[in-house]
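Hydrogens, waters and symmetry mates play no part in the numbers below; they use all other heavy atoms, side chains included. Start at 1 with the first residue, then count along the sequence.
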Amino acid sequence: MTAPVKKNDRVTVYIEDLTHEGLGVGKVDGYPLFIHGALPQETAEVHVLKTLKSYGFAKIVELKEPSPDRVEAPCMYFGKCGGCQLQHLSYEGQLHWKENMVRNVMKRIGKIEAPVRPIKGMEHPWNYRNKSQIPFAMGESGPIAGFYKSRTHDIVDMERCLIQMSEADIIMANLKKELEKIGIEPYNETTHQGMLRHVIVRTGRATGEVMVVLVTKKRKFPQKDAAVEVIRKLIPHVTSIVQNVNSEKTNVILGKETMTLWGKETIEDTIGDIRFEISARSFYQVNPVQTEVLYNQALEYAGLTGEETVIDAYCGIGTISLFLAKKAKQVMGVEIVEEAIEDAKRNAELNGFTNTYFEAGPAEEVIPRWYKEGKRADVLVVDPPRKGCDQALLNTIIEFKPKRVVYVSCNPSTLARDLRILEDGGYKTMEITPVDMFPQTTHVECVVLMSRVEK
């Protein structure tokens with residue numbers, strides 16, 4: 001197929017949809033053009049930047065008919081920083097698009113016909129992130145800190161971010177100004193030189209406790225006392241200051257070794273009435289307000305009466321497990337990361353739960369062994385990473401036939417794929433509820449109820 005447009009052409013297009021990266025989609029004779037900054041229901045004259053065999057890229061020259069949902073993005077870094085994609089779309093418009101996107105992906109990828117309930121949004125969709133991972137580097141006139149441009153590792157030097165909490169803003173705006181005074185050189189990804197790679201700021205929204213993690217290239221850190229002093233001045237209520245060592249040439253942020261420089265090893269937060277201890281490496285949902293909404297929805301779908309045994313695959317530090325344990329006879333959690341399992345056990349003890357059991361290992365190996373040992377689940381809950389469930393785990397679910405499966409997903413595409421496999425294996429998708437965990441971005445979480453169909 002020859003593209004109907006070529007580089008540097010100017011054409012007028014109607015924007016039909018958005019991609020998962022937030023690019024507008026307009027078509028010329030069926031040929032898609034992906035257009036930065038364009039929104040559905042808009043008509044725009046665009047300049048073609050690049051053409052490939054089956055799609056191309058363009059930029060807006062003139063917006064002829066703007067979307068009724070278009071708003072002025074409140075962040076001065078929007079369009080430069082890659083963190084948010086949808087600030088120029090009203091929040092009502094964001095919710096409408098996300099709900100429709102989930103519905104369309106279910107039908108297109110999974111041939112799933114289950115009802116999609118109205119998306120659960122936020123009352124205040126700003127300053128929700130309780131964890132910020134801020135890269136540091138050396139700019140032309142000194143140290144810089146901020147977030148990456150879209151699809152690059154080029155840092156946009158920033159003073160604040162409208163979706164993170166205030167403590168992270170303080171660190172991002174001010175710590176870079178102190179680095180040269182105390183003799184800390186920011187890390188250079190290209191040369192693998194320098195010391196400070198990232199600073200992670202974690203905040204307990206309910207408790208106000210704050211952890212600052214300095215990710216360094218080397219373990220030996222002569223300036224650590226000076227760094228601690230600066231951070232304590234910037235955030236007087238800081239609870240924990242930690243050093244994490246990552247000496248590898250890698251894009252992975254955290255290394256394997258962590259030491260407490262000052263204060264506690266962990267901070268606490270609560271979701272609902274459950275307390276959690278959070279360490280530097282703990283996985284913990286970044287939007288605590290919507291996490292409670294998400295987990296309450298999972299609890300509703302689990303349909304617990306107090307007599308059920310629940311298996312929580314991919315249980316992490318036990319966040320969903322402990323919500324379920326409030327109403328289940330027993331909850332058994334499995335997670336491949338041993339540190340997370342230790343956190344889960346500690347969190348169960350912290351909250352006084354005696355009806356939980358946690359084990360480290362691959363879910364697709366541990367769960368079949370549990371069944372061979374006579375342990376049966378009435379409800380199985382999965383909350384996998386973006387890549388979705390391991391095929392072996394899906395086979396395990398189909399083989400051992402729990403009555404209900406509650407699937408929590410952060411990726412509608414892999415969710416639709418996995419639901420199709422489970423439906424072909426004897427389950428019916430009863431209902432899907434999207435939850436907006438990440439306002440101002442294209443990401444959306446879903447909670448799904450599936451029931452076993454007896455043939």
* Asked: Do any N or O atoms from the side chain of R452 and from the backbone of Y427 form a donor-acceptor pair under 3.5 angstrom?
  -> no

* To do: Mind checking the CD1-CD1 spacing from I171 to I231? Nearest 0.5 Å is all I need.
  => 5.5 Å

* Which distance, rounded to the nearest 0.5 Å, do you find between the NZ of K176 and the CD1 of I184? -> 15.5 Å

* Go through the structure and list residues passing ring pair (Phe, Tyr, Trp, His ring centres under 6.0 Å) with H153, not counting sequence neighbours. => Y148

* To do: Kindly determine whether T258 and N244 satisfy side-chain hydrogen bond (donor to acceptor under 3.5 Å, both in side chains), including the steps that lead there.
  => CA-CA 4 Å; T258 304; N244 175 269; 3.1 Å; yes

* Asked: Going through the checks in order, is the side-chain contact (heavy atoms from CB on, under 4.5 Å) test met by C81 and M158?
  -> CA-CA 9 Å; C81 164; M158 297 167 62; 4.1 Å; yes

* To do: Please check if the side chain of R376 supplies one atom and the backbone of F400 the other of a donor-acceptor pair under 3.5 Å.
  => no

* Calculate, to the nearest 0.5 Å, the distance between atoms CG and OG1 belonging to L324 and T309 respectively. => 12.0 Å

* Donor-acceptor pair, side chain of R404 and main chain of V381, under 3.5 angstrom -> no

* Asked: Quick check: are there more than 12 heavy atoms from other residues, nucleotides or ligands sitting under 6.0 Å from NZ of K327?
  -> no

* For R219, look at atom CZ and say whether over 12 heavy atoms of other residues, nucleotides or ligands are found less than 6.0 Å away. => no

* To do: Return yes if a side-chain donor-acceptor contact under 3.5 Å exists between H237 and E167, otherwise no.
  => yes

* **Residues F136, Y187; criterion ring-ring contact (aromatic ring centres under 6.0 Å, His included); working and verdict** => CA-CA 7 Å; F136 279 66; Y187 179 71; over 10 Å; no

* Gap between atom CG of D312 and atom CZ of F358 - 0.5 Å precision -> 7.5 Å

* For L214 and L196, run side-chain contact (heavy atoms from CB on, under 4.5 Å): C-alpha distance rounded to whole Å, both residues' side-chain angles, the deciding distance at 0.1 Å, then the answer. => CA-CA 7 Å; L214 304 172; L196 185 65; 4.2 Å; yes

* Asked: Passes salt bridge (Lys or Arg N to Asp or Glu O under 4.0 Å), R346 versus E342? Steps please.
  -> CA-CA 6 Å; R346 191 168 63 249; E342 292 308 310; over 6 Å; no

* Indicate yes or no for a side-chain donor-acceptor contact from D157 to the backbone of I144 under 3.5 Å, with no hydrogens or angles considered. => no

* Asked: With distance as the sole criterion, is a donor-acceptor pair present between the side chains of T216 and Q243 under 3.5 Å?
  -> yes

* Taking the six-membered ring for Trp, are H88 and F78 parallel (under 30°), tilted (30 to 60°) or perpendicular (over 60°)? -> tilted

* Structure fact -> The side-chain contact (heavy atoms from CB on, under 4.5 Å) partner of V310 among N355, L380, V379 is V379

* Hey, does W370 have a side-chain heavy atom less than 4.5 Å from the side chain of M332? -> yes

* To do: Report, as yes or no, whether the 6.0 Å neighbourhood of atom NZ on K107 holds more than 12 heavy atoms from other residues, nucleotides or ligands.
  => no

* Asked: Is there side-chain contact between K120 and T433, with at least one heavy-atom pair below 4.5 Å?
  -> yes

* To do: Please say whether more than 12 non-hydrogen atoms of neighbouring residues, nucleotides or ligands are located less than 6.0 Å from CE in M76.
  => no

* Is the shortest heavy-atom distance from the side chain of V210 to the side chain of R202 under 4.5 Å? -> no

* Asked: Within a radius of less than 6.0 Å around NZ of K218, do more than 12 heavy atoms belonging to other residues, nucleotides or ligands occur?
  -> no

* N/O donor-acceptor pair under 3.5 Å between N127 side chain and M165 backbone -> no

* Regarding S282 and D343, is there a side-chain donor-to-acceptor distance under 3.5 Å anywhere? -> yes

* Backbone N/O of D69 and side chain of S67: donor-acceptor pair under 3.5 Å -> yes

* Asked: Judged by atom type as modelled, is there a donor-acceptor pair below 3.5 Å linking the side chain of D17 to the main-chain atoms of G24?
  -> no

* Verify salt bridge (Lys or Arg N to Asp or Glu O under 4.0 Å) between K428 and E423, making sure each step is shown before the conclusion. => CA-CA 5 Å; K428 179 176 175 58; E423 285 213 350; 6.0 Å; no

* Given side chains that start at C-beta, do those of C446 and V435 come closer than 4.5 Å, heavy atoms only? -> no

* Asked: About how many Å separate CD of E365 and CD1 of I336, when rounded to the nearest 0.5 Å?
  -> 8.0 Å

* Assess the side chains of S132 and Q164: does a donor N or O sit below 3.5 Å from an acceptor N or O? => yes

* **Whether N347 side chain and E277 backbone form a donor-acceptor pair below 3.5 Å** => yes

* So, do W97 and T442 sit near enough that their side-chain heavy atoms are less than 4.5 Å apart? -> yes

* Neighbour count >12 (heavy atoms, 6.0 Å) for atom CD, E338 -> no

* To do: Tell me yes or no: between the side chains of Y284 and T319, is some donor less than 3.5 Å from an acceptor?
  => no

* Measure the shortest side-chain to side-chain distance between E399 and I397 over non-hydrogen atoms and say whether it is less than 4.5 angstrom. => no

* To do: Could you tell me whether the side chains of E209 and T203 share a donor-acceptor contact shorter than 3.5 Å?
  => no

* **Heavy-atom neighbours of E265 CD exceed 12 at 6.0 Å** => no

* Asked: Side chains of K217 and N246: closer than 4.5 Å at any heavy-atom pair?
  -> no

* Structure fact -> Rounded to the nearest 0.5 angstrom, the CD1-CD distance for I341 and E335 is 6.0 Å

* Using distance alone, with no hydrogens and no angle criterion, decide if D436 and Y91 have a side-chain donor and acceptor under 3.5 Å apart. => yes

* Does N351 use its side chain to pair, donor to acceptor, with the backbone of R275 at less than 3.5 Å? -> yes

* Check whether any side-chain heavy atom of Q87 sits under 4.5 Å from a side-chain heavy atom of P74, and report yes or no. => yes

* To do: Go through the side-chain N and O atoms of N188 and H192 and say whether any donor and acceptor fall under 3.5 Å apart.
  => no

* Asked: Just wondering, are more than 12 heavy atoms of other shown residues or ligands nearer than 6.0 Å to CD in E349?
  -> no

* Using atom types as modelled and distance alone, determine if a side-chain donor or acceptor of T270 lies under 3.5 Å from a backbone N or O of I274. => no

* To do: List in chain and number order the residues that pass ring pair (Phe, Tyr, Trp, His ring centres under 6.0 Å) with F221, two or more places apart in sequence or in another chain; answer none if no residue qualifies.
  => none

* Given L419, which of L394, V405, I109, T429 fulfils the side-chain contact (heavy atoms from CB on, under 4.5 Å) condition? -> T429

* **Any donor-acceptor N or O pair under 3.5 Å, side chains Q94, Q440** => yes

* To do: List the steps, then state whether side-chain hydrogen bond (donor to acceptor under 3.5 Å, both in side chains) holds for E359 with Y357.
  => CA-CA 7 Å; E359 185 174 330; Y357 171 79; 2.8 Å; yes

